[in-house]
Structure formats: structure tokens, C-alpha cells
Amino acid sequence: MGYFTKDKIEQLSVHATPFYYYDLEVLNKTLLSINAAVKNKPFVVHYAIKANANKPILEQIKAQGFGIDCVSGNEIKRAIELGFSSSKIAFAGVGKTDEEINYGLDQDIFTFNVESLAELKIIDELATKKGKIVGIAIRLNPNVNAKTHHYITTGLEENKFGINTWELPEFFELFKTLQHIKLKGIHFHIGSQINDLTVFKSLCNRVNDFQQQFRERGIILDHINVGGGLGVNYESPDEETIPDFGAFFKVFDDFLELEPNQEVHFELGRSVVAQCGSLISRVLYIKEGIKTNFAILDAGMTELIRPALYQSYHKVENISQLGQPNNKKYDVVGPICESSDCFGKAIDLPETKRGDLMAIRSAGAYGEVMSSSYNLRDKAKSIYK
Ligand code: LLP
């Protein structure tokens, strides 16, 4: 799939930079590929709205029948406002406020993914006040190493997420005393940008062990929620625009031991939206450095913080010089007064000039949603094609 054609670049060049550019055709193909991979399986996919909450993106996701995974009251609100059914909304997060819990209760969402025993007691208390029975899934910490950046690893005992194995007996005791809780499932999420599928196989094995502990107590769960985490190819977005969803879902199909009629729920964020978005920016200045020259862009860590925060790689392309040989090296940096405001060091690019359009690829997930107004910067616009 050639992402930037000459025509596309011409259309883009009329817009003031920096801006986010979303290719809705790529998004649609990605969604179709997910739906094809889960067809005839007891699999339900929730889109993790935290990755990108823009209206046109959510509308396409809704049109393909996905549910939503939220981590704040405002995310639930956004999903409902855009027409997602509350019966398809899961609500996770270690720090749900009473106000957010009450809102979720009022909306009769599908589940609260409960992250601690303390939270469970509060949810029961608030549900009791409203005279409601609330559906929950208990988030368990499986202690599986996701082998990804430590800032986006969530399934280890040292992480703040979920209930640890040693707390399970206490959970079973507590659960018996709670009148307004319906235990629907167990929930896991071990991390993000996971490209080694054997990690998900290890997760399945842990899930099977946990499920056995529930079975032994006569508890049969409606669903197992295995979270999200599938990675994308940041190095070669054109060679692998759509992640291998077939291989991903097959792992769960092969290794999870399900009860009859039990569903498996997924919460995919990055793999759904990363590749459909690019941050488009213009070169303001070329400045000579000691080892390499700097290409100073009009976009920076305020628009895309991932490289500064996680040292993450995003492919940078000079789309004004497509087809020219990459015979120069540049440190590609933003305008913000921080040394970490750098998209990449010693990047091979064609001879680059002031005014050239640069595309920072695979920025559809955790790009715009994590932007800030630091330095009192204006918010970048979003353009859809
Ligand atoms: N479910 C839960 C409970 C989560 O915490 C997350 C992401 C997801 C699902 C979706 O995971 P995904 O399929 O997108 O990997 N800002 C970081 C990523 C943080 C992910 C947080 N949780 C980044 O830019 O890499």
C-alpha cells in the first residue's frame, strides 16, 4: 500500500502545519482484517479509546461493530455520545473516582474491570446506594513479562495494575459478602507494543491456571478479557501496514481452555489505529551541528511525545523529496525548549531544505491524545482522507 502518493502530498501541502493526517481507508482495512480474523470465534473486540478518540475514527470503529474499552468517565461519555452502546463498554483503571463509578453505574455499562479489593468494596457500596447489581470483571496480575518498554509493561507484580495472586483467597472471601456485585469475568492486560506472540501464549497458560481456581470454587465466568497489547511495525509501516491479526487471535484460539459458551474479550488500541495516522510537519530550519545537521521541524514533543517519553522510534520521511536517495544524516528535532524534543538522531534522509514536508509515521495511536499545550502551543489540526 503506497501511503504517500504525489497527489496526496499535493492535497496535504495546502494545510497549515503541523497537523495529524489520518487515512481512513487504512483504518477501514485494518478493521475489516480484525473482523475477518475473529469470525466464527467466540471473540469480542473492544477498541481501547485511549489510543485515539477522534470522532471520524470512532465512527468507523463503531460502524464495524466494535465495543469500547475506557479508562475514564470522560472516555465513557465520549463513546456514548458517539453512539456506542453502553452494553459494549468496559471500564478499567486503577484510580476510578466515585463520580466516575456512579456515572458508569447510571449508564449500565457492560463491566467495571476492577483493579483492587478496595475498589471492589467501593463499587459494591455505590451500587447498593443505587439499588443496582453491577457487572464486574476482576483484573488479575498474571506476572507475565511482556518484553516491551518498562513504561508500558503492566502485567508484572511490581506494576500497580490488577490484583496479585496472593490476594485471590481474600478476594473469594470478600466476594461472598458483596450483595450488589455480579462477577462476569476475569481481566488481564500485560502491556503494550508486544511483538513476540509467545508472550501471549504465556498469558493464555496463566489464564488457564487462574480459571481453574475459579472453577474449583464453582464460579463459571461469562468471559475472559485478555486486554490489548499487540504491537505494530514502526520500522516499516508500508511493508506491514496491517498487523498480523490472524496470527494474534490464533494464539488465543489455540491455547485458551474455554468453558462452553464462554467469550474472550480483547481491548486493542495501538494495532487498530497506529498505522492510519501520521504527523505532518514542515522543516523550519536546517542548522549545522558538530556531527550531523539538525532539521528543525514545526512539530515537536507537544504534538507527539512518544520519542521523548519512551525513546520510541517513529519513521521520519521527507515527503517533499520522495524518490531522492537518502544520502544525508540529520538529527530531526522539534522547536520546544527541551533537549528531549527530538524525533530521531542521525536519520538517513535526502538533502532536506526549509519548507520540506516531513511525515512522522505510525502516529495514529497515542499521538494526538497525548499532545499538550506546553510552551502555550496551539493544538495541531486533524485532516482525514
Ligand atoms: N487495555 C488496558 C487495560 C490498557 O491499559 C491498554 C493500554 C489497552 C487495553 C490497549 O493497549 P494497546 O492494544 O494499545 O497496546 N502511551 C503508550 C501506551 C500506553 C498503553 C496503556 N494501556 C505508548 O504510547 O506507547
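Whatever order the structure lists ligands and atoms in, that order sets their numbers, starting from 1. Here, residue 1 is the first one in the sequence, and each next residue gets the next number. Side-chain atoms are counted along with the backbone in the values below, which use heavy atoms only and exclude waters and symmetry mates.
- Of the listed options Glu115, Lys50, Met370, Lys50 places a heavy atom closest to atom 4 (C) of ligand 1.
- Annotation: cation-pi pair Arg270/Tyr366 absent, no NZ/CZ under 6.0 Å from the ring centroid and within 45° of its normal.
- Between the side chains of Asn113 and Glu267, at least one donor N or O sits under 3.5 Å from an acceptor N or O.
- With atom 16 (N) of ligand 1 as the reference point, the heavy atom nearest to it among Tyr47, Tyr310, Phe266 is part of Tyr310.
- With a 6.0 Å radius and a threshold of 12 heavy atoms from other residues, nucleotides or ligands, Lys77 has its NZ atom at or below the threshold.
- When only interatomic distances are considered, the shortest N/O to N/O separation between Glu267 and ligand 1 falls below 3.5 Å.
- Among the atoms of Gly229, some N or O lies under 3.5 angstrom from an N or O of ligand 1.
- Taking the centre and axis of the six-membered ring of Phe255, the NZ or CZ atom of Lys201 falls inside the cone set by 45° and 6.0 Å.
- Here Ser192 has heavy atoms under 4.0 Å from ligand 1 in both its backbone and its side chain.
- Under 4.0 angstrom from ligand 1, there are no non-hydrogen atoms of Val71.
- The side chain of Arg306, and not its backbone, has at least one atom closer than 4.0 Å to an atom of ligand 1 (non-hydrogen atoms only; side chain from C-beta on).
- Assignment of Ala51 to the shell around ligand 1 is not supported, since no heavy atom sits closer than 4.0 Å.
- Note on residues 338-352: pairs passing salt bridge (Lys or Arg N to Asp or Glu O under 4.0 Å), not counting sequence neighbours, are Lys328-Glu351, Lys329-Asp348.
- In Glu288, the CD atom is not crowded: 12 or fewer heavy atoms of neighbouring residues, nucleotides or ligands sit closer than 6.0 Å.
- Per-residue contacts place Leu268 under 4.0 angstrom from the following atoms of ligand 1 (heavy atoms of the residue considered): 13 (O).
- For the salt bridge (Lys or Arg N to Asp or Glu O under 4.0 Å) condition, the pairs that include at least one residue of residues 361-370, sequence neighbours left out, are Asp238-Arg361, Glu317-Arg361, Glu368-Lys379.
- For the side chain to side chain donor-acceptor pair (under 3.5 Å) with Gln211, the lone residue among Glu259, Gln262, Arg206 that qualifies is Gln262.
- Interface of Gly269 with ligand 1, defined as ligand atoms under 4.0 Å from a residue heavy atom, comprises 12 (P), 13 (O), 14 (O).
- Near Gly228, meaning under 4.0 Å from one of its heavy atoms, ligand 1 places the atoms 9 (C), 13 (O).
- Applying the 4.0 Å criterion to heavy atoms of Arg139 picks out, from ligand 1, the atoms 3 (C).
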